[in-house]
Amino acid sequence: MQLTLWSYEGPPHIGAMRIAVSMDGVHLVLHAPQGDTYADLLFTMIERRGQRPPVSYTSFQARELGSDTAALVKNTIQAAVDRFAPRVVLIGESCTAELIQDQPGALAQGMGLPIPVLSLELPAYTRKENWGANETFYQLVRGLLKSRVPTPGTERDLRKGGARPLANLLGPTALGFRCRDDVLEVTQLLESLGVGVNIVAPLGATPEDLLRLPEADFNVCLYPDIADQACHWLERMFGQPTVKTVPIGIGATHDFIAEVGRIAGIDVIAIRDPISARMPWYSRSVDSTYLTGKRVFIFGDATHAVAAARIASEELGFTIVGLGTYAREFAREVREAAKRYDVEPLITDDYLEVEARVADAHPELVLGTQMERHIAKRLGVPCAVISAPAHIQDFPARYAPQMGFEGANVIFDTWVHPLMMGLEEHLITMFREDFEFHDGATASHLGGGVKAGAVSLEPALASSDMAVQPDATLMTWTPEAEQELKKIPFFVRGKARRNTERFAQERGILTITVETLYDAKAHVGR
Amino acid sequence: MTDTAIVSFPASGCDVSSVTLERGQRQVFCGLAGIVWLHRKIQDAFFLVVGSRTCAHLLQSAAGVMIFAEPRFATAILQERDLAGMADCNQELDRVAAEILERRPDIKTLFLVGSCPSEVIKLDLAKAAERLSAAYRGRVRVLDYSASGLEATFTQGEDTCLLSLVPELPPLADDERSLLVLGTLPDVVEDQFTRMFAELGIGSVHFLPPRQSTAFPPVGRGTSLLLAQPFLGETARALQKRGATLLTAPFPFGVEGTLGWLQAATDAWEIPVARLHEVTAPAVARAQRGIARQREILVGKRITFLPDSQLELPIARFLSRECGMELVEVATPFLERQLMAPELALLPTGLRLTEGQDLERQLDRLRADRPDLTVCGLGLANPLESEGLRTKWSIELVFTPVHGFDQAADLAELFARPLVRSSLLRV
Ligand code: SF4
C-alpha cells in the first residue's frame, strides 16, 4: 500500500480516456462502477470541453457481481456503437473490473461488431495515467496500421521531386499541458522551414488520419511521455525517422530546427529567429540582471522538467537547486539532466517527499505542477506551472504555447512575473526605510495576496509543520548581529540568516556575532 | 414508523406508484465524495480510503475546487504486491495508519474507508479497525465504513459513515429527553438552529456528526430524531434501533420546509403552534422578503433534476411551491419512500418522477424538454451549457449553507444565478 495525499497521475484508464477524448470517431467503453464517471469532469471542467468525453461506463453495482456482468458489458458496448457510431471502439476496464475478471475485451471481440475493436490492457495496480495514454496510442496506431506494414526490404516511396517534406506531430492530447497551442506553434515553425504537417495525432485526429501516418517523411515526437512507443514502432515498421528534440526554450528550438533540417534534408543554416522572438533580448536586458542566480526548484513530467532546467540555467541564468519528475518511466532522462546541473535528482510520485525536498532547498521560485503550486503557496514562494497535472487556470483562453519562439516568450513572462522585477527590487532596497517600501511590500504588479520572494519564506516556514528549523534552541544571535542582519535587504535577509546559521552550526558556533555574520558571508560568497 | 405525532400534510401530492424506475449508465460520484465535506465538519477526524489510484484520483478531483494546506484525508493505494498476497494487507494498513497518526498527533478518530477494490478482495476493514483501536486505545478511535461505488451513490457515503458512529454513541439516561439532529450542517446553520431550538424551549439539542469526535451525542429512549438531510436512512434506522423516535417532517429547505421541520420538534415537545409562529415570525418574514426577489426571476421557469445528490425532491418542492418554478422531471438516484413521504405529499400530482438512471435516455428526454434550468453533476454541466441549456451544479447544494430560514433566499439565488447570468451575457 502506498499512502497518497495528492497524486500526480490518475490510473491508466484515465490515460486511455485522454486518447479517446483527443480523437474523433473513437469511443471507449469502460467496465467500471458508477463512481468512476467522475473522470468526465477532468475534461469538461478543468479543460472546459463543451462535449462529453466519448466514453460509456458499464456502471456495475454490487448486486450484479456474480450474476450477469457479461451481459451488462455487451449491452453497454452495443448501445454505445448504436448511438455514437464510432469508427473504432476501445474496450477497457478500471481497477475494480480488473479484479472481477470479466474479460470485456474478449466479450467485445466475440460480438462481431462491424468496426475495429481494440481491447486495452491497463494494469491499474502497477501502471498510471501517462503509461495508459502512451500504451493506448501505440495500440491504436499499431492496430490500425499493422496490416499495412511493408515487407522488410521494400524501398520507401520517396516523395516526388520538388514536393515539400511532410511531418507528423505525435503526442499532443486532451488534458496535456498547452498541447493545443504547441501544435499551432510547431506547425508554423515547420512551415517556416518549408516542412508541411501531414497528421497531428492523437489530438484532433480520426482513425482515418491514423491510416495516413505513413505518408509523412518523418515523425516529430512532440511529447515522448505519450508518443515514444508509437514513434518507435513507426520508425521500425515504416522507416520513418523520429525528430526527438522537444522545442521548448530558445536553445532547444534551435536544436529542433537543426534536427529537422538534417532529417528532412533541407538547409536551415540561413534560418534566423523571427523578430517576435523577444525572449533572448529580454533575458539580456539590464533589468534581468536581477534574475541571476535565483534559486529555482523544478518538478514535473520528464519532458517539461528537463526542458525547464535548460531554460532556467542557460537562458535565464537561474541556479537550479532541485530537479525531479513523477514519471518513473523517464527517470533516466531526468537523472542525466540532474547530473549536468549538479543536483540530486528527485524521482518520486510521493507528494510529501516533494514537499520536504522543496522546503529543504529554499528556492526563490518553484517551477512545477499544480501540486507544487500548493507547496509553494504554503511556503510563501512564487511558483509557475510548467507541466501537467494542471489546474483550470493553466488552460488559458489566450494563445500561450510553451514550444517554439513564442513559447519562449510565454515562458519568460510566466516565470519572471511572479518574481519581483529588477528595477523594482532595486528601488525597494534603496528606499527600504520608507513606509511604502516596507519588508512586506509585494511587487506592484502582483495583488496583495502574493508574498514577495525570499523574505516571506521564513514566516511561512515557521508556521508550517514542514519547517526545517536550524537548531535555534542552541544558537543565539547577539543583539548587534541581529541589528546588522536588519540592514541587509529584506529579500536576501532570510537567506543570509540561514546561511549564517548553517555556517555557525557546521563550526559549532553557539553565539552568532557580527563577525560570524561576515565570516559566513565571505564563506558563502556569490 | 413509530407512534410519533405527525404534522398533517395535504392528502393529495405526488403519487409514488407513478415513479419510473431506470437502470443503465450512471453519471454520479460514489460515496467517497462525502469525505470532502465530512472531513471539514469533524475537525479531529482523518479519513483513510483503502482503495486504488482511481479512488485517490476521484477524491482529489471532487475536492479539486478547494485548496487545502494539508487535507485530513488520504488513500492507501493497493498495489500489485498487496493483491498478489506478497504483502500482508493488514500489516501494510498498520504501517500506513501509524504513518498518518505520527504526522497528525491531533487526530482523535481515524476512519478506514472501504472502496470497490477493497470490497472485491474482501479486505476485512472492520477487523482492522478493531485491531488498530486496541493498539491506539485511549488516543485514537478507529472506525470503518464502506463508501464503495458498488453500493454507495454520492451522498450515501455520509450515511454509511454516520452509521459507523452509531454504536459509539453514549447512552442517554432513561429519564432524559433530547433532540438529535442528523446530517452534516455548516456550523453557521447549526448555530442558527441551536438558537432557535433554545428560544422555542427545546432543551438538550445535539447534532450528528459532531464538530469534534470526542463530543459524541448520547442516544436512547428519550431521543427524538430529526433529519436535516434526506440521504441518511440507514443511520436513522440504526438510531431508531437504539431507542430514538423518528420525527416525520419535510426537510428544512425554504420557509415551508423549515417551519414543518421545526414543528415536528415543537409538536414532540408539546409546544403550542402559536409559540412556534411567534418565535419564527421575524426569520420567516426575512426569508420571505429574500425569496420574493429571487422568485421574480424563477417564477414560471422550467427545471429538470438529474439524479445526483438525493436532495432533488425537497429542493424541487421548495422551488415549485415557494419560487413558482415548473418541475419538468425530478430524478433521484434512490427513492427512500418512507423518509420522503412528507415531501412527496407536497409535490404536485402528475409529477414526472424518476428513480435511478439511464444516462443517455435521460439526456434524450432532456433535449426534448429543453428546460430553462437543469440540475446536474460537474461532468455534464459544460456539455449541456454548450448545447444551450442552463445548468446548476448539484455539488454546490452539499457545500453551501442552504438549510433553514436565513439561507432560503441563498438557496433560491443559487438557481437564479445561471438565469441572471445568461440574460446578462452578450457574447
Ligand atoms: S467507484 Fe469504487 S473504485 Fe471508483 S472511486 Fe469510487 S470507490 Fe473507488
Side-chain angles (χ1 to χ4, degrees), chain A residues 1-7 9-14 32-46 48-53 56-65 75-76 79-80 83 94-96 98-100 123-126 128-129 352 373-374 377-378 391-392 464-465, chain B residues 24-33 50-58 60-62 64 67-71 73-80 82-83 87 89 92-93 95-96 99-100 103 115-117 119-121 148-151 153-154 357 360 377-383 385-386:
Chain A
M1 283 178 202
Q2 185 191 4
L3 176 62
T4 306
L5 266 71
W6 300 115
S7 51
E9 292 180 73
H13 74 261
I14 298 290
Q34 59 182 352
D36 293 5
T37 59
Y38 79 88
D40 283 10
L41 79 85
L42 303 171
F43 301 93
T44 66
M45 292 301 292
I46 296 179
R48 300 182 210 247
R49 283 185 174 257
Q51 294 85 37
R52 286 169 56 209
S56 300
Y57 303 84
T58 56
S59 316
F60 60 85
Q61 297 182 353
R63 61 166 173 266
E64 281 143 347
L65 294 182
N75 290 342
T76 308
R83 180 176 284 266
S94 74
C95 53
T96 311
E98 185 180 333
L99 296 173
I100 58 178
Y125 299 92
T126 50
K128 289 177 289 183
E129 177 178 336
L352 296 175
R373 184 170 27 221
H374 288 283
K377 193 168 181 185
R378 197 162 158 209
H391 191 250
I392 183 166
S464 105
D465 55 334
Chain B
Q25 180 178 331
R26 294 201 159 199
Q27 176 71 44
V28 65
F29 287 137
C30 62
L32 291 180
V50 183
S52 65
R53 188 166 291 285
T54 316
C55 307
H57 203 228
L58 168 125
Q60 175 164 342
S61 309
I67 292 177
F68 307 108
E70 181 169 327
F73 57 77
T75 309
I77 296 183
L78 292 162
Q79 315 267 332
E80 188 78 346
D82 304 305
L83 301 177
C89 281
E92 286 290 289
L93 202 51
R95 176 180 61 76
V96 171
E99 203 176 315
I100 289 166
R103 252 185 98 79
S115 65
C116 308
E119 302 256 293
V120 172
I121 65 169
S148 133
L150 296 173
E151 269 147 14
T153 302
F154 195 16
Q357 186 168 32
E360 303 298 348
L378 288 174
L380 282 170
N382 268 335
E385 290 281 345
S386 79

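Only a predicted model underlies this, so the values are computations on that prediction, with no experimental measurement involved. As a basis for the values below, the full set of heavy atoms in this structure was taken, side chains included, without hydrogen atoms, waters or symmetry mates. Just so we're on the same page: letters track the sequence lines, and every chain starts at 1.
Counting heavy-atom pairs closer than 4.5 Å to chain A, the top-ranked of the candidates B:Leu32, B:Val50, B:Ile121, B:Val120 is B:Val120. Among the candidates A:Ser56, A:Ala32, A:Ala124, the residue making the largest number of heavy-atom pairs closer than 4.5 Å to chain B is A:Ser56. Highest contact tally toward chain B, considering only A:Pro33, A:Pro12, A:Ser59, is held by A:Ser59 [criterion: heavy-atom pairs under 4.5 Å]. Put simply, of B:Cys30, B:Ala381, B:Ser386, B:Cys116, the one with the most heavy-atom pairs under 4.5 Å next to chain A is B:Cys116. Contact count versus chain B (heavy atoms, under 4.5 Å) is highest, among A:Ile100, A:Ile392, A:Leu42, for A:Leu42.
Within the 4.5 angstrom heavy-atom criterion, atoms from both the backbone and the side chain of A:Gln2 approach chain B. With a threshold of 4.5 angstrom between heavy atoms, A:Arg373 does not approach chain B through any atom at all. Both the backbone and the side chain of A:Pro11 come within less than 4.5 Å of a heavy atom in chain B. Using a 4.5 Å cut-off between heavy atoms, A:Ile14 contacts chain B through its side chain alone, with no backbone atom that close. Proximity to chain A involves both the backbone and the side chain of B:Leu78, based on heavy atoms less than 4.5 angstrom apart. Within the 4.5 angstrom heavy-atom criterion, no atom of B:Ala87 approaches chain A. There is no contact between B:Cys55 and chain A, counting heavy-atom distances below 4.5 Å. Contacts of A:Glu129 with chain B are made by side-chain atoms alone, with heavy-atom separations under 4.5 Å and no backbone atom involved. In this structure, no portion of B:Ser115 lies under 4.5 Å from any heavy atom of chain A.
Listed by chain and residue number, nothing satisfies the salt bridge (charged side-chain N to carboxylate O under 4.0 Å, His left out) test with B:Glu151 (two or more places apart in sequence, or in another chain). With sequence neighbours excluded, the residues forming a salt bridge (charged side-chain N to carboxylate O under 4.0 Å, His left out) with B:Glu92 are B:Arg95, listed by chain and number.
Proximity of A:Tyr38 to B:Thr54: side-chain heavy atoms (C-beta onward) are separated by under 4.5 Å at one or more points. Contact annotation: the side chain of B:Pro117 approaches that of A:Leu99 to within less than 4.5 Å [non-hydrogen atoms, C-beta and beyond].
Here the closest non-hydrogen pair linking B:Ala74 and A:Leu5 is CB-CD1, 4.0 Å. The heavy-atom pair separating B:Glu360 from A:Arg52 by the smallest distance is OE2-NH2, 2.8 Å. Residues A:Gly35 and B:Leu58 approach most closely at O-CD1, 3.3 Å, considering heavy atoms. Annotation for B:Ala76 and A:Met1: closest pair CB-SD, 4.0 Å, computed over non-hydrogen atoms.
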B:Gln60 vs A:Ser7, side chain to side chain donor-acceptor pair (under 3.5 Å): CA-CA, chis, key distance, verdict: CA-CA 8 Å; B:Gln60 175 164 342; A:Ser7 51; 3.1 Å; yes
Please test A:Thr58 against B:Gln25 for side chain to side chain contact (heavy atoms under 4.5 Å, CB included), starting from the C-alpha separation and ending with a verdict. CA-CA 6 Å; A:Thr58 56; B:Gln25 180 178 331; over 6 Å; no
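We find that B:Glu385 and A:Arg48 are not joined by a salt bridge, their nearest charged nitrogen and carboxylate oxygen being 4.0 Å or further apart.
Between the A:Thr44 side chain and the B:Asn382 main chain, no donor and acceptor come within less than 3.5 Å of each other. Put simply, the side chain of B:Gln27 gets close to the backbone of A:Thr37: a donor and an acceptor are under 3.5 Å apart. At least one donor-acceptor pair under 3.5 Å links the side chain of A:Gln34 to the backbone N or O of B:Gly149.
Separation of atoms NZ (A:Lys128) and CD1 (B:Ile77) is listed at 9.0 Å; rounding is to 0.5 Å.
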